[in-house]
Amino acid sequence: MINLKHIIFNYDKVIFLAPNDVTEFLNIANACEVEAIAYDYDPKFSKTPFYVNKDFVFDDVDMDAELFVHMNVEKTYPVKLPRGADVILIGDNEEHNGDCTPIHSCQQLIDLYNVGEVYDQGQDEEETHYYVYGKIDENRIR
(Lines give C-alpha, C1' and ligand atoms only; values in the text may rest on other atoms or scores of the structure.)
Protein backbone atom coordinates (compact mmCIF):
# COMPACT_ATOMS: atom_id res chain seq x y z
CA MET A 1 0.00 0.00 0.00
CA ILE A 2 1.06 3.62 0.46
CA ASN A 3 4.00 4.78 2.62
CA LEU A 4 2.29 7.26 4.94
CA LYS A 5 5.42 8.05 6.97
CA HIS A 6 7.25 9.20 3.87
CA ILE A 7 4.40 11.41 2.66
CA ILE A 8 3.34 13.15 5.89
CA PHE A 9 6.81 14.63 6.37
CA ASN A 10 6.26 16.75 3.26
CA TYR A 11 3.55 18.72 5.09
CA ASP A 12 3.43 21.09 8.07
CA LYS A 13 -0.12 20.20 9.18
CA VAL A 14 -1.86 16.84 8.76
CA ILE A 15 -5.29 15.68 9.90
CA PHE A 16 -6.17 11.99 10.08
CA LEU A 17 -9.88 11.19 9.76
CA ALA A 18 -11.37 8.03 11.30
CA PRO A 19 -7.96 6.40 11.47
CA ASN A 20 -8.42 4.02 14.39
CA ASP A 21 -5.01 3.62 16.09
CA VAL A 22 -2.33 5.76 14.42
CA THR A 23 -0.66 6.72 17.67
CA GLU A 24 2.79 5.86 16.29
CA PHE A 25 2.31 8.14 13.24
CA LEU A 26 1.03 10.99 15.41
CA ASN A 27 3.85 10.72 17.94
CA ILE A 28 6.57 10.56 15.28
CA ALA A 29 5.09 13.39 13.22
CA ASN A 30 4.66 15.75 16.17
CA ALA A 31 8.15 14.92 17.47
CA CYS A 32 9.49 15.96 14.04
CA GLU A 33 7.58 19.26 13.99
CA VAL A 34 4.71 18.13 11.77
CA GLU A 35 1.49 19.25 13.43
CA ALA A 36 -0.61 16.09 13.22
CA ILE A 37 -3.93 15.27 14.86
CA ALA A 38 -6.60 12.63 14.43
CA TYR A 39 -10.36 13.01 14.57
CA ASP A 40 -11.93 9.77 15.70
CA TYR A 41 -15.40 9.35 17.18
CA ASP A 42 -14.50 6.17 19.09
CA PRO A 43 -14.49 6.97 22.83
CA LYS A 44 -11.47 4.69 23.36
CA PHE A 45 -9.35 7.58 22.00
CA SER A 46 -10.80 10.27 24.29
CA LYS A 47 -7.64 10.52 26.40
CA THR A 48 -5.08 9.65 23.72
CA PRO A 49 -2.55 12.39 22.87
CA PHE A 50 -3.07 14.12 19.52
CA TYR A 51 -6.61 12.69 19.16
CA VAL A 52 -9.75 14.82 19.09
CA ASN A 53 -12.68 12.66 20.11
CA LYS A 54 -15.34 14.08 17.78
CA ASP A 55 -17.33 12.95 14.79
CA PHE A 56 -15.92 15.07 11.97
CA VAL A 57 -19.00 14.40 9.82
CA PHE A 58 -21.53 15.89 12.28
CA ASP A 59 -19.53 17.88 14.87
CA ASP A 60 -17.94 21.27 14.38
CA VAL A 61 -14.24 20.56 13.83
CA ASP A 62 -11.29 22.55 12.53
CA MET A 63 -10.58 21.26 9.02
CA ASP A 64 -7.52 23.44 8.46
CA ALA A 65 -4.64 21.30 7.20
CA GLU A 66 -2.41 20.82 4.18
CA LEU A 67 -3.02 17.06 4.04
CA PHE A 68 -6.03 14.97 5.05
CA VAL A 69 -5.59 11.24 5.53
CA HIS A 70 -9.04 9.65 5.48
CA MET A 71 -8.38 6.02 6.37
CA ASN A 72 -11.87 4.55 6.39
CA VAL A 73 -13.76 6.24 3.59
CA GLU A 74 -16.30 3.43 3.44
CA LYS A 75 -17.54 4.31 6.93
CA THR A 76 -17.95 8.08 6.69
CA TYR A 77 -18.69 9.33 3.18
CA PRO A 78 -19.76 12.02 2.46
CA VAL A 79 -17.17 14.28 4.07
CA LYS A 80 -16.64 17.75 2.66
CA LEU A 81 -12.91 18.34 2.41
CA PRO A 82 -11.47 21.75 1.52
CA ARG A 83 -11.02 22.53 -2.15
CA GLY A 84 -7.39 22.33 -3.21
CA ALA A 85 -6.35 20.22 -0.22
CA ASP A 86 -4.09 17.23 -0.63
CA VAL A 87 -5.69 13.96 0.45
CA ILE A 88 -4.91 10.34 0.98
CA LEU A 89 -8.15 8.39 0.72
CA ILE A 90 -8.20 4.76 1.83
CA GLY A 91 -11.22 2.50 1.71
CA ASP A 92 -12.20 -1.13 1.48
CA ASN A 93 -14.92 -3.34 0.06
CA GLU A 94 -15.22 -5.70 3.02
CA GLU A 95 -18.75 -4.44 3.76
CA HIS A 96 -18.59 -4.45 7.55
CA ASN A 97 -21.66 -3.52 9.54
CA GLY A 98 -22.00 0.26 9.32
CA ASP A 99 -20.12 0.70 6.04
CA CYS A 100 -22.26 3.13 4.08
CA THR A 101 -20.11 3.27 0.92
CA PRO A 102 -18.03 0.14 0.22
CA ILE A 103 -15.06 1.03 -1.99
CA HIS A 104 -14.48 -1.16 -5.05
CA SER A 105 -11.86 0.82 -6.99
CA CYS A 106 -9.47 3.75 -6.98
CA GLN A 107 -11.66 5.45 -9.56
CA GLN A 108 -14.58 5.32 -7.13
CA LEU A 109 -12.48 7.20 -4.53
CA ILE A 110 -11.47 9.76 -7.16
CA ASP A 111 -15.09 10.31 -8.18
CA LEU A 112 -16.53 10.41 -4.63
CA TYR A 113 -14.09 13.11 -3.53
CA ASN A 114 -13.63 14.86 -6.85
CA VAL A 115 -9.87 14.37 -6.86
CA GLY A 116 -8.65 16.53 -9.72
CA GLU A 117 -4.97 15.61 -9.66
CA VAL A 118 -3.84 12.09 -8.72
CA TYR A 119 -0.28 11.74 -7.42
CA ASP A 120 -0.49 8.00 -6.71
CA GLN A 121 -3.10 5.26 -6.46
CA GLY A 122 -3.20 1.54 -5.87
CA GLN A 123 -4.66 -1.45 -4.11
CA ASP A 124 -3.53 -4.32 -1.95
CA GLU A 125 -2.88 -7.77 -3.42
CA GLU A 126 -6.28 -9.07 -2.29
CA GLU A 127 -8.02 -6.16 -4.04
CA THR A 128 -9.96 -5.31 -0.88
CA HIS A 129 -8.25 -2.02 0.09
CA TYR A 130 -7.80 0.91 -2.30
CA TYR A 131 -5.98 4.22 -1.91
CA VAL A 132 -5.68 7.49 -3.79
CA TYR A 133 -3.18 10.25 -3.01
CA GLY A 134 -4.02 13.49 -4.74
CA LYS A 135 -5.56 16.95 -4.63
CA ILE A 136 -9.24 17.83 -4.28
CA ASP A 137 -10.32 19.73 -7.39
CA GLU A 138 -10.40 23.45 -6.60
CA ASN A 139 -13.23 23.97 -9.10
CA ARG A 140 -15.54 21.19 -7.96
CA ILE A 141 -19.25 21.81 -8.17
CA ARG A 142 -20.44 19.93 -5.08
Side-chain angles (χ1 to χ4, degrees), residues 1-30 32-124 126-142:
M1 287 288 283
I2 193 164
N3 187 341
L4 289 176
K5 287 182 187 175
H6 175 75
I7 294 171
I8 64 174
F9 288 109
N10 293 312
Y11 296 90
D12 291 326
K13 188 170 184 183
V14 178
I15 293 177
F16 287 82
L17 302 171
N20 202 353
D21 189 2
V22 292
T23 307
E24 177 187 356
F25 284 110
L26 295 173
N27 288 330
I28 291 170
N30 282 284
C32 295
E33 299 183 11
V34 174
E35 185 181 342
I37 63 168
Y39 288 119
D40 202 302
Y41 46 82
D42 192 324
K44 72 181 178 186
F45 297 113
S46 65
K47 296 190 188 309
T48 306
F50 307 117
Y51 274 81
V52 177
N53 193 221
K54 287 189 173 185
D55 185 331
F56 56 87
V57 175
F58 299 107
D59 295 336
D60 185 28
V61 296
D62 179 8
M63 294 292 268
D64 178 34
E66 297 172 326
L67 173 68
F68 292 87
V69 182
H70 190 347
M71 299 183 77
N72 289 292
V73 171
E74 72 280 356
K75 295 190 180 313
T76 60
Y77 181 78
V79 175
K80 292 181 183 176
L81 298 175
R83 293 179 184 182
D86 281 357
V87 294
I88 298 174
L89 304 168
I90 302 170
D92 69 51
N93 61 15
E94 295 178 347
E95 300 192 26
H96 296 112
N97 186 24
D99 287 359
C100 56
T101 309
I103 303 301
H104 297 282
S105 70
C106 294
Q107 189 61 49
Q108 182 184 4
L109 288 168
I110 292 166
D111 294 343
L112 285 172
Y113 281 87
N114 205 19
V115 178
E117 184 177 352
V118 175
Y119 308 139
D120 192 14
Q121 63 181 307
Q123 62 196 32
D124 63 5
E126 294 82 27
E127 297 185 20
T128 57
H129 289 78
Y130 300 88
Y131 75 88
V132 171
Y133 173 37
K135 180 184 286 287
I136 301 292
D137 189 346
E138 293 185 47
N139 299 313
R140 72 171 186 236
I141 300 169
R142 20 181 177 149

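Scope of the values below: all heavy atoms of this structure, side chains included, with no hydrogens, waters or symmetry mates.
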Quick one: does [X]'s side chain get under 4.5 Å of [Y]'s, heavy atoms only?
{"X": "Phe45", "Y": "Val22", "result": "no"}
{"X": "Ile103", "Y": "Tyr131", "result": "no"}
{"X": "Tyr133", "Y": "Ile7", "result": "yes"}
{"X": "Tyr130", "Y": "Gln121", "result": "no"}
{"X": "Phe16", "Y": "Asp40", "result": "no"}
{"X": "Ile28", "Y": "Phe9", "result": "yes"}
{"X": "Pro82", "Y": "Ile136", "result": "no"}
{"X": "Val115", "Y": "Leu109", "result": "no"}

Tell me which pairs pass side chain to side chain donor-acceptor pair (under 3.5 Å) where either residue lies in residues 55-64, with sequence neighbours left out.
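Listed by first then second residue: nothing to list.
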Residues which pass side-chain contact (heavy atoms from CB on, under 4.5 Å) with [X], listed by chain and number, not counting sequence neighbours:
{"X": "Glu66", "value": "Tyr11, Asp12"}
{"X": "Glu33", "value": "none"}
{"X": "Pro49", "value": "none"}

Results of salt bridge (Lys or Arg N to Asp or Glu O under 4.0 Å) for [X] - residues two or more places apart only:
{"X": "Lys54", "result": "none"}
{"X": "Glu126", "result": "none"}
{"X": "Asp92", "result": "none"}

Using the side chain to side chain donor-acceptor pair (under 3.5 Å) rule, take Asp124 and Thr128 through it: C-alpha gap first, then chi angles, then the decisive distance, then the call.
CA-CA 7 Å; Asp124 63 5; Thr128 57; 3.0 Å; yes
Tell me, please, which residues at least two apart from [X] pass side chain to side chain donor-acceptor pair (under 3.5 Å).
{"X": "Gln107", "value": "Asp111"}
{"X": "His96", "value": "Glu94"}
{"X": "Lys44", "value": "Asn20"}
{"X": "Glu35", "value": "none"}

Step by step, work out the side chain to side chain contact (heavy atoms under 4.5 Å, CB included) result for Met63 and Lys80.
CA-CA 9 Å; Met63 294 292 268; Lys80 292 181 183 176; over 6 Å; no
For Phe56, the ring pair (Phe, Tyr, Trp, His ring centres under 6.0 Å) test, sequence neighbours excluded, returns His70
